[in-house]
Amino acid sequence: VYKIIMTAVPIFVLMGTAGCGKSSVAEEMQKALGCEYIEGDSLHPQSNVDKMAAGYPLQDDDRWPWLREIRDHLTKKALEVKDLDLQSKNRVVVVTCSSLKKVYRDILRQVPTDIGTVVFVYLKGSQELLLKRIQSRQGHFMPASMLQSQLDILEEPKEEEEAVIIADIIPTPDIEAEHIICAAVERGYLPASL
């Protein structure tokens, strides 16, 4: 039996539309693993935040610099934890980023493979549940009216084409994080010692 030694840092990108629970699940994963966590929205330039808050969907030209910024942050964070013990659960980076199109995910996957292995976690839910969640949250810049524009451009990742874990958004974030970590261990994305 061969034991795969992963020298690259596992990077989990929690993706999906507004309302799927990216931040809540990422926070639970960070709690469980004691790992690095980057909130992708915090890296948006103010012009993007203002545009979305006014109810205008971002265009690809708005997204490219933001996606490259996230990729660069991921590379930097992975380098910071790369020298930790390979079996350490802290040797993981979690980031939230909607990553709705494959071309967006392709940019995030540009982390050098000797530094990090990028795995997407697609938080999938019905339009009704997503809308209900968006309408109930307070103080977020993304209005509920923007959900349809996100669903219109969503290219769901396929497990046979991309390194992805597909997770249903119905469970509570702590249970969902537990399921994701178990799936990551089963697929060899995380060491079996976790």
Side-chain angles (χ1 to χ4, degrees), residues 11-29 37-71 73-74 94-110 118-180 183-184 187 189:
I11 296 171
F12 294 96
V13 181
L14 274 66
M15 61 158 291
T17 66
C20 71
K22 294 183 290 290
S23 299
S24 301
V25 175
E27 286 165 9
E28 292 296 335
M29 286 182 73
Y37 162 44
I38 303 165
E39 174 64 58
D41 281 348
S42 71
L43 300 175
H44 267 301
Q46 190 59 45
S47 57
N48 283 5
V49 174
D50 293 345
K51 192 171 183 177
M52 288 184 282
Y56 297 103
L58 296 182
Q59 302 303 311
D60 284 351
D61 285 344
D62 301 313
R63 289 189 182 94
W64 304 134
W66 172 61
L67 291 164
R68 288 191 291 267
E69 180 73 16
I70 293 174
R71 176 204 59 206
H73 257 69
L74 290 175
V94 173
V95 64
T96 54
C97 176
S98 50
S99 308
L100 299 177
K101 289 185 183 178
K102 185 175 183 295
V103 69
Y104 305 159
R105 298 191 290 274
D106 290 343
I107 291 174
L108 299 179
R109 263 192 285 272
Q110 291 170 356
V118 177
V119 176
F120 289 89
V121 178
Y122 173 35
L123 304 179
K124 183 175 180 169
S126 68
Q127 183 170 357
E128 295 73 30
L129 180 53
L130 293 166
L131 190 58
K132 185 176 164 194
R133 286 184 175 186
I134 293 169
Q135 289 168 335
S136 68
R137 61 186 184 182
Q138 304 293 314
H140 195 277
F141 62 80
M142 175 76 82
S145 59
M146 299 282 288
L147 177 61
Q148 190 58 54
S149 69
Q150 289 197 335
L151 291 169
D152 290 344
I153 67 162
L154 174 63
E155 295 170 4
E156 293 190 339
K158 296 176 177 60
E159 290 175 322
E160 58 276 10
E161 294 173 7
E162 300 180 59
V164 63
I165 295 168
I166 298 173
D168 190 298
I169 67 168
I170 292 173
T172 56
D174 56 329
I175 300 295
E176 205 171 339
E178 203 176 292
H179 289 175
I180 292 162
R187 295 173 194 200
Y189 299 140

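Keep in mind that the numbers below use all heavy atoms, side chains included, and drop hydrogens, waters and symmetry copies. It should be emphasised that the depicted structure is a prediction, and the values quoted were computed from it without experimental measurement.
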Could you grab the distance from atom [atom1] of [X] to atom [atom2] of [Y], nearest 0.5 Å is fine?
X: Leu74; Y: Phe12; atom1: CG; atom2: CZ; result: 12.5 Å
X: Ile180; Y: Ile165; atom1: CD1; atom2: CD1; result: 7.0 Å
X: Leu58; Y: Ser98; atom1: CG; atom2: OG; result: 8.5 Å
X: Ile169; Y: Ser126; atom1: CD1; atom2: OG; result: 6.5 Å
X: Leu147; Y: Gln135; atom1: CG; atom2: CD; result: 9.0 Å
X: Ser149; Y: Leu154; atom1: OG; atom2: CG; result: 11.0 Å

Exercise for the section: Could you check Gln150 against Leu130 for side-chain contact (heavy atoms from CB on, under 4.5 Å), going step by step and ending with a plain yes or no? Expected result: CA-CA 11 Å; Gln150 289 197 335; Leu130 293 166; over 6 Å; no
Please report the closest heavy-atom contact between [X] and [Y], naming both atoms and the distance.
X: Ala26; Y: Tyr37; answer: CB-CE1, 3.3 Å
X: Cys20; Y: Met15; answer: SG-O, 4.1 Å
X: Leu108; Y: Cys97; answer: CD1-SG, 3.9 Å
X: Tyr189; Y: Val164; answer: OH-N, 4.1 Å
X: Ser23; Y: Glu39; answer: OG-OE1, 2.6 Å
X: Gln148; Y: Gln127; answer: OE1-NE2, 2.8 Å

Please check: side-chain N/O of [X] versus main-chain N/O of [Y], any donor-acceptor pairing under 3.5 Å?
X: Glu28; Y: Pro173; result: no
X: Asp62; Y: Gln59; result: yes
X: Lys22; Y: Thr17; result: yes
X: Arg109; Y: Val118; result: no

Exercise for the section: Show the numbers, then the answer: is there a side-chain contact (heavy atoms from CB on, under 4.5 Å) between Leu129 and Asp168? Expected result: CA-CA 11 Å; Leu129 180 53; Asp168 190 298; 5.9 Å; no
Practice task
Classify the angle between the aromatic ring planes of Trp66 and His44 as parallel (below 30°), tilted (30 to 60°) or perpendicular (above 60°).
Solution key: parallel
Side-chain heavy-atom pair [X], [Y] within 4.5 angstrom cut-off:
X: Leu14; Y: Val94; result: yes
X: Glu178; Y: Asp174; result: no
X: Val103; Y: Leu67; result: no

Practice task
Output, in order, the C-alpha distance, side-chain angles, deciding distance and verdict of side-chain contact (heavy atoms from CB on, under 4.5 Å) for Asp60 and Lys101.
Solution key: CA-CA 10 Å; Asp60 284 351; Lys101 289 185 183 178; 3.3 Å; yes
Practice task
Kindly indicate, with the supporting measurements, whether the criterion side-chain contact (heavy atoms from CB on, under 4.5 Å) is fulfilled by Val13 and Tyr104.
Solution key: CA-CA 12 Å; Val13 181; Tyr104 305 159; over 6 Å; no
Handout entry: Polar side chain donor-acceptor pair, Gln110 to Asp106, under 3.5 angstrom
Key =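 No, because no side-chain N or O of Gln110 sits under 3.5 Å from a partner of the opposite role on Asp106.
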Handout entry: Sequence-distant partners of Glu159, salt bridge (charged side-chain N to carboxylate O under 4.0 Å, His left out), two or more places apart
Key = Arg187
